[in-house]
Amino acid sequence: MLEVTALRLAIGPVAILHGLDLSLGAGERVGVVGESGCGKSLTALSLIGLQPAPARLSGSIRLGGDELLGQDEAAWCRVRGRRIAMVFQEPMTALNPVMAIGAQIAEGAIRQLGLSRAEADVRVRKLMARVQLPPDEFPPTLYPHQLSGGQRQRVMIAMALACDPEVLIADEPTTALDVTVQAEILRLLDGLVAERGMALLLITHDLGVAAAMTDRIAVMYAGRIVETGPTDAVFARMAHPYTRALMAARPQEILQGVGKRRPLASIPGQVPVPGDEMPGCPFAPRCPLADDVCRMAAPPLRPVEPEHLVACVRPA
């Protein structure tokens with residue numbers, strides 16, 4: 001459904017995204033993981049034409065065979081919501097605080113599908129019920145501030161589904177939620193993808209969420225994909241030092257169960273600021289295995305197993 005090839009983004013002379021390749025098939029769930037500052041959210045915004053105004057994009061973004069890159073804003077407006085939709089990270093800032101939730105859910109269906117107000121109201125009630133906000137308990141006349149964080153996130157999901165999109169992008173959809181509500185939202189997304197046959201691009205910093213929710217995974221670092229492949233294969237081998245470092249930094253209770261604790265690992269240093277990257281592998285300054293070869297040129301993605309690619313000169 002979505003094919004991204006050699007996607008690059010630059011602001012002035014500063015390159016931020018470096019030739020990303022991603023693909024999503026019908027009903028497929030693909031995860032993008034990495035630390036903050038690695039380019040995950042900027043990638044998502046670029047896929048729906050909402051990158052920052054000064055940014056220049058190159059490469060290809062094909063949705064169902066149609067090239068999106070280079071289209072004007074009017075064409076993008078016909079695509080957003082109707083064919084590709086996004087659930088943003090923080091619903092309280094994404095929702096309109098002075099507009100009732102029912103009107104916000106209905107707006108896309110009225111504009112994109114040409115539904116009447118009465119038809120849109122019927123759709124709103126069905127969508128609210130599907131995202132576990134029964135209209136009898138949560139009237140569409142409520143405003144965002146009258147809902148909890150998890151309920152607002154369900155409103156965002158209903159808005160994204162209002163026009164039956166082919167592709168759904170979820171950008172850190174559970175970051176601000178407690179663990180119980182997080183699990184409910186993830187189950188909801190999983191069920192919706194299964195029943196509607198949508199493609200899901202799930203952006204997260206939580207490797208546990210990615211492991212449970214995705215069919216394929218892409219590990220991003222400094223605007224590059226450094227490891228990608230079937231989720232089971234990537235987690236079974238974790239060929240790139242950065243992938244292993246991310247896994248080691250997770251709480252031990254999640255990794256091995258309570259009672260088998262060890263000090264929480266951390267990754268020294270910081271993700272490089274765009275424009276400050278040195279020649280060679282961008283992870284080399286933080287990598288315990290790096291040598292002079294790693295600092296000479298950024299390695300391309302190479303297969304270590306069928307469909308499992310890694311950008312490292314000495315993969316595990």
Side-chain angles (χ1 to χ4, degrees), residues 2 20-41 43-44 87 89 150 153 157 167-194 198-221 224-262 264-267 271 283 301 303-312 315-316:
L2 184 69
L20 305 184
D21 292 334
L22 284 169
S23 64
L24 291 92
E28 188 176 31
R29 304 164 301 169
V30 175
V32 178
V33 302
E35 295 170 278
S36 296
C38 285
K40 305 186 303 297
S41 293
T43 299
V87 178
Q89 184 175 114
Q153 194 62 280
I157 293 171
V167 177
L168 180 65
I169 300 173
D171 183 10
E172 301 275 11
T174 60
T175 295
L177 307 177
D178 63 53
V179 174
T180 302
V181 178
Q182 178 186 91
E184 293 174 357
I185 295 296
L186 292 174
R187 281 197 297 270
L188 174 61
L189 287 172
D190 194 39
L192 289 167
V193 170
M198 299 182 297
L200 174 67
L201 183 66
L202 177 65
I203 294 172
T204 180
H205 64 274
D206 189 327
L207 271 70
V209 168
M213 279 286 296
T214 63
D215 305 304
R216 289 190 293 115
I217 190 169
V219 182
M220 277 193 75
Y221 185 77
R224 297 169 172 84
I225 293 176
V226 297
E227 185 165 4
T228 185
T231 300
D232 291 344
V234 171
F235 279 95
R237 181 166 178 176
M238 290 186 285
H240 199 284
Y242 181 59
T243 309
R244 297 196 297 276
L246 286 176
M247 180 59 79
R250 297 189 65 223
Q252 184 68 2
E253 287 83 356
I254 299 176
L255 283 174
Q256 297 183 10
V258 176
K260 298 180 181 180
R261 301 184 180 185
R262 58 156 172 75
L264 186 64
S266 62
I267 307 175
V271 178
F283 189 59
L301 285 166
V304 291
E305 296 172 324
E307 301 183 46
H308 183 180
L309 311 178
V310 62
C312 183

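The CG atom of Leu188 lies 4.5 Å from the CD1 atom of Ile157; values are rounded to the nearest 0.5 Å. Taking CG from Leu309 and CD1 from Ile225, the interatomic distance works out to 9.5 Å, rounded to the nearest 0.5 Å. Separating the CG atom in Leu20 from the OG1 atom in Thr43 is a distance of 5.0 Å, to the nearest 0.5 Å. In this structure, Ile217 CD1 and Glu227 CD are separated by 8.5 Å, a value rounded to the nearest 0.5 Å. With rounding to the nearest 0.5 Å, the separation of SG in Cys38 from NE2 in His205 is 12.5 Å. To the nearest 0.5 Å, atom CD of residue Gln182 and atom CZ of residue Arg187 are 10.5 Å apart.
Not counting sequence neighbours, Asp21 has no partner by the side-chain hydrogen bond (donor to acceptor under 3.5 Å, both in side chains) test. Looking at residues two or more places apart in sequence or on another chain, you find no salt bridge (Lys or Arg N to Asp or Glu O under 4.0 Å) involving Asp232.
Here the closest heavy-atom approach between residue Val271 and residue Gly37 is recorded as CG1-O, 3.6 Å. Of all heavy-atom pairs spanning Tyr242 and Met220, the tightest one is CE2-O, 3.4 Å. Between Cys312 and Pro241, the shortest heavy-atom contact is SG-CD, 3.7 Å. Of all non-hydrogen atoms in Gly229 and Val234, the two that sit nearest each other are N-CG2, 3.7 Å. Shown here for Gly27 and Val193, the closest heavy-atom pair between the two residues is O-CG1, 3.9 Å. Summarising the geometry of Ile185 relative to Gly150, their closest heavy-atom pair is CD1-O, 4.0 Å, with the distance given to 0.1 Å.
Counting only distance, with no hydrogens or angles, the side chain of Arg237 and the backbone of Pro315 share no donor-acceptor pair below 3.5 Å. The closest donor-acceptor contact from the side chain of Thr231 to the backbone of Asp215 lies under 3.5 Å. In this structure, Glu307 contributes its side chain and Pro230 its backbone to no donor-acceptor pair below 3.5 Å. Remark: side-chain polar atoms of Arg216 are not paired, donor with acceptor, to backbone N or O of Val30 under 3.5 angstrom.
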From CA spacing to verdict: side chain to side chain contact (heavy atoms under 4.5 Å, CB included), Val87, Leu168: CA-CA 8 Å; Val87 178; Leu168 180 65; 3.9 Å; yes

Chi angles and distances behind the side chain to side chain contact (heavy atoms under 4.5 Å, CB included) call for Asp190, Arg29: CA-CA 9 Å; Asp190 194 39; Arg29 304 164 301 169; 2.4 Å; yes

Full working for side chain to side chain contact (heavy atoms under 4.5 Å, CB included) between Ile267 and Phe283: CA-CA 11 Å; Ile267 307 175; Phe283 189 59; 4.1 Å; yes

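In this structure the side chain of Lys40 never reaches within 4.5 angstrom of the side chain of Asp171, judged on heavy atoms. Contact of the Gln153 side chain with the Val181 side chain is not registered, since no non-hydrogen atoms from C-beta on lie closer than 4.5 Å. Side-chain contact check for Glu35 versus Leu246: some heavy-atom pair is nearer than 4.5 Å.
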